[in-house]
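A short write-up of the structure that comes next.
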Amino acid sequence: MKTLSRFIFLYSLFILTGHAEEIKLEHDLYTYTADTASGVLTIQWTGGQRKLNGIIGAYGQTYTTLINFNNTPALYYSNTASSTSFDIYYTLYGKNNEIYLDCIYADITSHINGLTTRKAVCGIDEKLGNDVQDKVYAYTEKWITKADKENLMGLFEDLESPIKVLAGKINDSFIYSNYTSATDLLERSPTTLVVENGAITDLGKKRSFLIYSPKNLETAISLEQEVSPNEPFKVIIRSRD
């Protein structure tokens with residue numbers, strides 16, 4: 001129900017702002033403009049530009065818009081047609097008069113048990129194309145399969161017993177999503193715990209993402225956490241490898 005409500009809100013926002021001013025972001029020497037009426041994303045630089053049609057806006061049960069994410073231009077993509085809830089952020093950068101896809105941040109909710117998975121792949125370095133929304137599926141299949149297998153029924157059976165779900169490991173640190181109640185699960189608001197040599201660091205409820213290389217989706221290279229809107233993420237742990 002929350003997923004459907006979020007889509008209705010986003011779609012309504014699109015309808016209301018479809019005739020409003022364009023969404024425009026400037027980063028380095030590139031200007032990104034999203035036209036919500038025509039669905040065109042335009043990227044301009046000195047002496048040139050590129051237009052991508054049919055990317056911006058609501059299409060069926062998907063919605064894409066231009067935002068500032070992790071202090072960089074990004075495409076936010078939501079898909080409520082899938083049984084698994086997706087909130088995806090595609091970060092972009094310009095180089096040599098071309099636009100590239102840098103990272104894909106995935107905030108996924110399992111339709112089996114409600115578990116939230118927050119992971120990202122960085123260093124993709126592919127030219128931005130009209131198929132950008134489909135890029136996420138190459139990386140998320142393993143994460144979704146793993147999340148669907150977790151048993152979180154204990155949150156509803158024993159409200160006094162928190163459940164820790166291992167999200168990943170970096171160096172000697174184990175990263176957990178900690179659910180202290182069924183409310184944490186339903187509101188997608190676990191706390192992030194880092195456990196190293198018996199010492200526990202509670203990072204709170206701000207969203208934390210495990211970052212991976214496209215060449216290795218098994219071992220995370222860093223843990224990042226949101227600080228506040230429009231600010232760069234804080235790197236909590238970085239791999240020594």
Side-chain angles (χ1 to χ4, degrees), residues 1-45 49-94 98-109 116-122 124 126-140 188 206-207 209 211 224 226-233:
M1 182 62 70
K2 283 191 173 184
T3 298
L4 178 59
S5 299
R6 184 172 72 253
F7 175 77
I8 291 173
F9 167 75
L10 291 171
Y11 182 78
S12 299
L13 183 63
F14 168 69
I15 294 298
L16 290 172
T17 60
H19 60 279
E21 293 183 2
E22 298 169 325
I23 302 169
K24 182 174 290 188
L25 295 174
E26 295 184 358
H27 189 74
D28 293 335
L29 301 177
Y30 296 80
T31 300
Y32 303 74
T33 304
D35 189 325
T36 56
S38 67
V40 176
L41 175 67
T42 304
I43 304 100
Q44 297 173 297
W45 56 87
Q49 68 174 10
R50 185 177 176 200
K51 291 180 179 287
L52 292 168
N53 298 315
I55 284 186
I56 302 300
Y59 299 91
Q61 288 181 279
T62 66
Y63 175 84
T64 306
T65 191
L66 178 67
I67 65 170
N68 185 331
F69 181 80
N70 197 9
N71 200 38
T72 193
L75 293 174
Y76 166 74
Y77 172 66
S78 176
N79 183 357
T80 59
S82 170
S83 57
T84 298
S85 174
F86 281 87
D87 287 311
I88 310 298
Y89 307 85
Y90 301 90
T91 62
L92 312 174
Y93 73 96
E98 187 56 83
I99 302 302
Y100 290 84
L101 174 61
D102 184 18
C103 301
I104 299 177
Y105 288 79
D107 189 343
I108 307 168
T109 303
T116 296
T117 298
R118 291 172 178 145
K119 297 189 177 186
V121 178
C122 284
I124 297 172
E126 294 182 5
K127 289 184 180 181
L128 181 64
N130 288 83
D131 62 344
V132 61
Q133 289 98 332
D134 297 329
K135 295 290 185 182
V136 65
Y137 301 107
Y139 304 109
T140 55
R188 306 174 70 233
K206 289 186 177 180
R207 291 194 299 178
F209 291 85
I211 314 299
E224 299 179 356
E226 284 186 322
V227 178
S228 61
N230 301 329
E231 287 191 23
F233 287 4

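We count residues from 1, following the sequence as given.
None of Tyr89, Phe69, Tyr105 except one satisfies the side-chain contact (heavy atoms from CB on, under 4.5 Å) rule with Tyr76; the exception is Tyr89. Checked options Lys206, Arg207, Arg118; the residue passing with Glu226 is Arg207 (criterion: salt bridge (Lys or Arg N to Asp or Glu O under 4.0 Å)).
Once rounded to the nearest 0.5 Å, the distance linking SG of Cys122 with CZ of Phe209 reads 10.5 Å. Atom CD1 in Ile104 sits 10.5 Å away from atom OH in Tyr137 (nearest 0.5 Å). In this structure, the separation between CG on Asp131 and CG on Leu52 is 10.0 Å, given to the nearest 0.5 Å. Interatomic distance, Ile108 CD1 to Thr116 OG1, rounded to the nearest 0.5 Å: 10.0 Å. Taken to the nearest 0.5 Å, the CG atom of Leu75 stands 5.0 Å off from the CG atom of Leu92.
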Problem set entry | CA sep, side-chain torsions, deciding dist, call: Asn70, Phe233, side-chain contact (heavy atoms from CB on, under 4.5 Å) | CA-CA 6 Å; Asn70 197 9; Phe233 287 4; 3.4 Å; yes
For this session: Run the numbers on Thr91 and Tyr93 for side-chain contact (heavy atoms from CB on, under 4.5 Å), then give the verdict.
Result: CA-CA 7 Å; Thr91 62; Tyr93 73 96; over 6 Å; no
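Counting heavy atoms from C-beta on, the side chains of Tyr59 and Thr64 never come closer than 4.5 Å. You'll find the side chain of Arg188 reaches within 4.5 Å of the side chain of Thr109, heavy atoms only. Inter-residue side-chain proximity for Thr42 and Asp35 is flagged as unmet; no heavy-atom pair is nearer than 4.5 Å. Inter-residue side-chain proximity for Thr140 and Lys119 is flagged as unmet; no heavy-atom pair is nearer than 4.5 Å. Taking 4.5 Å as the limit, every side-chain heavy atom of Gln49 sits out of range of all side-chain heavy atoms of Thr33. Residues Leu128 and Leu41 have side chains in contact (heavy-atom distance under 4.5 Å, counting atoms from C-beta outward).
Judged as a salt bridge (Lys or Arg N to Asp or Glu O under 4.0 Å), the pairs with a partner in residues 50-69 (not counting sequence neighbours) are, in order, Arg50-Glu98.
Legend: residues meeting side chain to side chain contact (heavy atoms under 4.5 Å, CB included) with Glu26, ordered by chain and number and at least two apart, are Thr31. For the salt bridge (Lys or Arg N to Asp or Glu O under 4.0 Å) test, no residue two or more places apart in sequence or in another chain qualifies with Asp102. Remark: Tyr30 engages no residue in a side-chain hydrogen bond (donor to acceptor under 3.5 Å, both in side chains) (not counting sequence neighbours). Shown here are the ring pair (Phe, Tyr, Trp, His ring centres under 6.0 Å) partners of Tyr32, two or more places apart in sequence or in another chain: there are none. With sequence neighbours left out, Asn53 forms a side chain to side chain contact (heavy atoms under 4.5 Å, CB included) with Val40.
Counting all heavy atoms, side chain and backbone alike, Ser78 lies closest to Asp87 at OG-OD1, 3.9 Å. For the pair Ile99 and Gly94, the tightest heavy-atom approach, listed with the atom from each and the gap, is CD1-CA, 3.9 Å. Contact between Gln133 and Tyr90 at its shortest, heavy atoms only, is O-OH, 2.7 Å. Nearest heavy-atom pair, Asn68 versus Thr72, reported as atom, atom and distance to 0.1 Å: OD1-N, 3.2 Å. Contact between Ala34 and Leu66 at its shortest, heavy atoms only, is CB-CB, 3.7 Å.
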